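Inspection log for the structure reproduced underneath, given as structure tokens.
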Amino acid sequence: MNKSRKPYQLVSKEWQADDTILEVNGSHIGGSNFTLIAGPCAVENREQLGAIANYLSKKGVHFLRGGAFKPRTSPYSFQGLKEEGLKLLREVGDRNKLNIVTEVMGTETIDLVAEYADVLQVGTRNMQNYPLLKGLGKIDKPILLKRGMSCTVEEWLLAAEYIMVGGNPRVILCERGIRTFNKATRNTMDLGSMALVKTLTHLPVFADPSQGTGIRELVLPMTKAAIAAGADGAIVEVHNQPEEALSDGDQSLYFDQFDRLISACESYCQLEGKQFQISNPTSKTIQQN
Ligand code: PEP
Ligand code: MN
């Protein structure tokens, strides 16, 4: 069993040298692929989600994000539409041929969220919720595991190990910024650790420049930086009316900013030898899955 001398085993490159490539309804995550997950911070209503999903599917994006269960710092803030939000995600996702990525906050809702989602997200606040991680080890859906805002790389990899040793090998790691003394950005994107993690694990590693910076103008440069640092994908918040958003409006991209992000991903993926997983590439040389 003890193939690696590190405290984690199954997640390590010593355990498995080849990159893990996850297949989700015909889309591929990991290996030489670069995948975008995009959508609002939270599902707010049918019109909002429909407008965003329609736009994203026209752009050729394969994964729609949106929180139905929202972990909010204040109990007075919008907490999400819960099951109604999950139903909307499924309905709108199916209509637009988009896979659904959404957060699961507790063990009691794992089965419910898994019924509607294609990928289940574990938020930063729950990265060390061990009963939740154990529960997610028992399901047959990929898990997007955000890095805890005050967690070390080792703690993050051990959290992924919990899911894998529980029986679910389909884990995606996601760097979303950590807490530092610097308050100029919402969090500090730790792309150095993200690049390091790529050398330690065979699992796909994503970047979340939206939570990572909290400032929409910084999402594009940090996505470029993440590709240069070896990211296998990015999860990005985009909204049809960011100024009206019920959560994280300041870090949500306008559609025209997202257009520019897609073009940049095409160029940067080419530079890095990554295949950008998008159905309508504007550049003819980009390969499709
Ligand atoms: C989110 O993706 O909207 C979110 C709440 O993420 P995190 O858990 O990384 O803060
Ligand atoms: Mn958010």
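In listed order, ligands and their atoms are each counted from 1. Given the structure is predicted, the values throughout are model-derived calculations rather than measurements.
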Under 4.0 Å between a side-chain nitrogen and a carboxylate oxygen: does that hold for Glu91 and Arg46? yes
Gln48 and Ile52, any side-chain heavy atoms less than 4.5 Å apart: yes
Kindly give the atom name of the N, O or S atom of Asp248 closest to the Mn ion (ligand 2). OD2
For Arg125, the ligand 1 atoms with a heavy-atom partner under 4.0 Å come out as 10 (O)
Val122 backbone acceptor or donor facing Asn126 side chain under 3.5 Å: no
Per-atom contacts of ligand 1 with Cys41, taking only distances under 4.0 Å to non-hydrogen atoms: 3 (O)
What protein heavy atom sits nearest atom 6 (O) of ligand 1, and how far off is it? Lys146 NZ, 2.8 Å
Nearest neighbour in protein (non-hydrogen) for atom 1 (C) of ligand 1: Gln211 NE2, 3.3 Å
Which residue and atom name correspond to the protein heavy atom nearest atom 10 (O) of ligand 1, and how close is it? Arg176 NH2, 2.8 Å
Glu237: which N/O/S atom is nearest the Mn ion (ligand 2)? OE2
Heavy-atom nearest neighbour in the protein, as seen from atom 8 (O) of ligand 1, with distance rounded to 0.1 Å: Thr124 N, 2.8 Å
Show the atoms of ligand 1 that are less than 4.0 angstrom away from any heavy atom in Gly123. 8 (O)
Which residue supplies the protein heavy atom nearest to atom 2 (O) of ligand 1, what is that atom called, and how far is it? Arg65 NH1, 2.8 Å
To check your reading of the model: name the closest protein heavy atom to atom 5 (C) of ligand 1, its residue, and the distance in Å. Lys70 NZ, 3.9 Å
Quick one: does ligand 1 sit under 4.0 Å from the side chain of Glu237, the backbone, both or neither, non-hydrogen atoms only? side chain
Find out whether Leu49 and Pro40 are in side-chain contact, i.e. whether some heavy atom of one side chain is under 4.5 Å from a heavy atom of the other. yes
Would a 4.5 Å heavy-atom cut-off, applied to side chains only, mark Asn99 and Val101 as touching? no
Please determine whether a side-chain nitrogen of the Lys or Arg among Arg147 and Asp190 lies less than 4.0 Å from a carboxylate oxygen of the Asp or Glu. yes
Output yes when Glu237 and Arg65 qualify as a salt bridge under the 4.0 Å nitrogen-oxygen rule, no when they do not. yes
Determine, for Asp248 against Arg186, whether the closest basic-nitrogen to carboxylate-oxygen distance falls under 4.0 angstrom. yes
